[in-house]
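So the structure is just underneath, and the comments pick up after that.
Below, read A as the first sequence line, B as the second, and so on, with proteins coming before strands; counting in each chain starts at 1.
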Number of protein chains: 2
Amino acid sequence: MTAPAKPTYDDVLRIPAPPGRGAAAGRPLRIEEVAERAGVAPITVSRVLRHPEKVNRETRDRILEVIEATGYASNPHARALRSGRSNVVVAFVSNILSQQFGLAVRSFAATLEPEGFEVLVGQTSYSYAKEVAMIQSLRGIRPAAVMFTGVIELHENRAALAELGIPVIETWAFPRDPIDMLVGLSNTDAGAMAARRLADAGHRRVAFIGRSSGRGALRRDGFRAAAAELGLDVVHEIGVGEITGLVDGRAAFTALLDRGGRIDAVFCANDLLATGALIEARSRGLTVPRDLAVLGFGDNDVADQITPGLTTITFDSAAIGRIAGELLLARLSDTPSAEPRRAVELALVERGSV
Amino acid sequence: MTAPAKPTYDDVLRIPAPPGRGAAAGRPLRIEEVAERAGVAPITVSRVLRHPEKVNRETRDRILEVIEATGYASNPHARALRSGRSNVVVAFVSNILSQQFGLAVRSFAATLEPEGFEVLVGQTSYSYAKEVAMIQSLRGIRPAAVMFTGVIELHENRAALAELGIPVIETWAFPRDPIDMLVGLSNTDAGAMAARRLADAGHRRVAFIGRSSGRGALRRDGFRAAAAELGLDVVHEIGVGEITGLVDGRAAFTALLDRGGRIDAVFCANDLLATGALIEARSRGLTVPRDLAVLGFGDNDVADQITPGLTTITFDSAAIGRIAGELLLARLSDTPSAEPRRAVELALVERGSV
DNA sequence: TTGTAGGCGTTATCAG
DNA sequence: CTGATAACGCCTACAA
């Protein structure tokens, strides 16, 4: 699927340059040249950039003017080499295509970039092996900090991360013992919330669909425990492997029906599964929620576009990124936050599928 | 939406460390220490890492053993500072949440990472101002190359990029005059393909919904030109601004109906718009495609999950990233590809909405 | 095939 | 408040 016969050229709009304002020169400036122009020593320029308050106002203004005029940008490699600190922060995402993770990483980056950090995004693909490799590669990158959209389960990786000696932020769950900093949500509570909602709607015979490891398992456990307390009967639990699309939800729902027995409602550990289940249920002639209620988790983009809309448990994933960024800035500025373990709230979004 | 009352702890699975295999040490090793252990000079270790073929086999094996045992990773800042080349490649995405861009960036990174490059993802948000700022920041980052999921329209930015003196890859369109390398698709052809498909289905009075700048405009122009040739009547063209979700497609479709006049079919410049339009059409009691045909572009995740499935024009976005990575590797290895301007093919996916 | 000398651009340290 | 000096860790150039 590469070279076609003969593609037509696109007549792409070209916006001309405004008069004046020459483009920046080819070879990057060194701090020395800026210093020369401003009539100071290089170190003074350096100070203006890192600790402006320690430089005389007039000197500073003069230097800033030169910096502005020349478009000088310091060489991050030289800076990192000499100072031992890099301005790169690595965010590891278990699935780069996820809306939720994307929102979190986006707000994480938006919080850090104004402070001069570059956020580099890596992907771990829900795989321990990949995680090991990525953490190894951190020894090379030497970032200022790392953030994960998840928590690290493998002991070896936890130890390796701790020994990097840089801030580590875990997210998306609320473990007792984070490696370092944490911005999470209680998946256990999410499961319990699901059970409570289904019980409130009068459903008695319920089922669970979700991954049987990681956060899916945590939601399942919370669901299971709360269901028991509420007198619900968890008829079946369908475990799924890697989730790649709605199709997995359809398959899981089919597997659920194949197991037999009456079911009033199903809690799916994420909205992709729930949407797939809902579509499959409808295509089998079931009316949702009359014949079967479906409850999701995560409030994906599709959740409110199907009929009936998917009732789901949600939280502010952008806030996770933002708070993670703020915790990190606090830590790096030597005024660390009192509580480096934050939780975001869960909320129910009612849309009619329960 | 932050600190809740009292979240329950998640009992996250902890996988214990396998016996043996100590974790890596805290402070990073220097090349000097590796050299010492292997009984050679630092430069020899350096050579093993960069030009292994230039080192005696035995010496090399001995050094590799030490590297393996110690987990040595060279300091990228020192390396970049001295050699003047960084292993960072920056990929700018106009929308970090887009499936298509995500796939492209993912395969771009997958192609480059085995060769020792780190791919850093930035976002330009379809905004010229943002683009200027990001390109400025490149002067600081000094990456080995830059890739964009799009083409650069602003003359000033084109000049600034060219002057960075690094490989630049543009994608997603097929302009006559790329800055440097190009892996694109002809949006003009896509528009023409849409017109031809609608004409084939017997539709005569057609409409267009899409952005009136960038690639949307290119598809519109191709559509418009081919429609004229085919004797179709382009009754209305609805321009939309930034596209944030299905809701924009619904709104545009409503605007289209408000303009009045009979319409047989509508071509939407992307699937998000098309899906929104299709949902809105159905909610107004129209039967697709009997009362109105809808044709999309991009083959989004949702396109095959609605009823009827969305007929759309697609291409292999992962291939764009892969080819971009290959072109770049070729260029950086001093055996540049003969043709640094590649096109990917378009294909129609028939699903029933036309 | 291996090694020696020196510097990439910046900032920590200490002195003025 | 400002400056001189040296070093961060690696790799280019040249020499053996």
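- Contact of the B/L328 side chain with the B/L112 side chain is registered, since non-hydrogen atoms from C-beta on lie closer than 4.5 Å.
- Counting non-hydrogen atoms under 4.0 angstrom, B/I31 reaches the backbone sugars and phosphates but no base.
- Taking atom NE2 of A/H51 as the reference point, atom C1' of C/dT10 lies 13 Å away to the nearest angstrom.
- Comparing B/K54 and A/R47 by the nucleotide of DNA chain C that holds the closest heavy atom to each, the one mapping nearer the 5' end is B/K54.
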Open item on the list: Could you walk me through whether A/E33 and A/R30 satisfy the salt bridge (charged side-chain N to carboxylate O under 4.0 Å, His left out) test, starting with their C-alpha distance in whole Å, then the side-chain angles of each, then the deciding distance to 0.1 Å, before giving a yes or no?
Closed with: CA-CA 6 Å; A/E33 312 182 47; A/R30 281 166 306 141; 3.5 Å; yes
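- Using a 4.5 Å heavy-atom cutoff, the side chains of B/R57 and B/D61 are in contact.
- At D/dC11, one or more side-chain N or O atoms of B/S46 fall inside 4.0 Å of OP1 or OP2 (strictly under the cut-off).
- At the phosphate of D/dG9, neither OP1 nor OP2 sits under 4.0 Å from any side-chain N or O atom of B/Y72.
- Atom CG of A/L29 and atom C1' of C/dT10 are 14 Å apart (whole Å).
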Enumerate, atom names and distances included, each donor-acceptor pair closer than 3.5 Å involving a side-chain atom of residues 101-110 of chain A, sequence neighbours excluded.
unit_1 : atom_1 : unit_2 : atom_2 : d
A/R106 : NH2    : B/N95  : OD1    : 3.4
A/S107 : OG     : A/L103 : O      : 3.3
A/S107 : OG     : A/A104 : O      : 3.2
A/S107 : OG     : A/A318 : O      : 2.5
A/S107 : OG     : A/R322 : N      : 3.3

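- Looking at every heavy atom in both residues, B/R158 comes nearest to B/E170 through NH1-OE2, 3.8 Å.
- Using a 4.0 Å cut-off, no side-chain N or O of B/T44 falls inside it from OP1 or OP2 of C/dT2.
- Put simply, NE2 on B/H77 is 14 Å from C1' on C/dT11, counting in whole angstrom units.
- Whole-Å rounding puts the B/R30 CZ to D/dC11 P distance at 14 Å.
- In this structure, B/E53 atom CD and C/dT1 atom P are separated by 10 Å, rounded to whole Å.
- Distance CD1 (A/I63) to P (C/dT11): 13 Å, rounded to an integer number of Å.
- Taking the side chain of A/N56 as heavy atoms from C-beta on, and the options C/dG9, C/dT2, D/dC1, the nearest nucleotide is D/dC1.
- At least one side-chain nitrogen or oxygen of A/R50 sits closer than 4.0 Å to the OP1 or OP2 atom of C/dA12.
- Distance, A/R79 CZ to C/dC8 P: 19 Å, rounded to whole Å.
- For B/T59 and C/dT2, the shortest distance from a side-chain N or O to OP1 or OP2 is below 4.0 Å.
- No donor-acceptor contact under 3.5 Å links the side chain of A/R82 to the base of D/dG9.
- Place B/I43 and B/S83 on DNA chain C by their nearest nucleotides, and B/I43 ends up nearer the 5' end.
- Residue B/N75 contributes atom CG, which lies 14 Å from atom C1' of D/dA7 at whole-angstrom precision.
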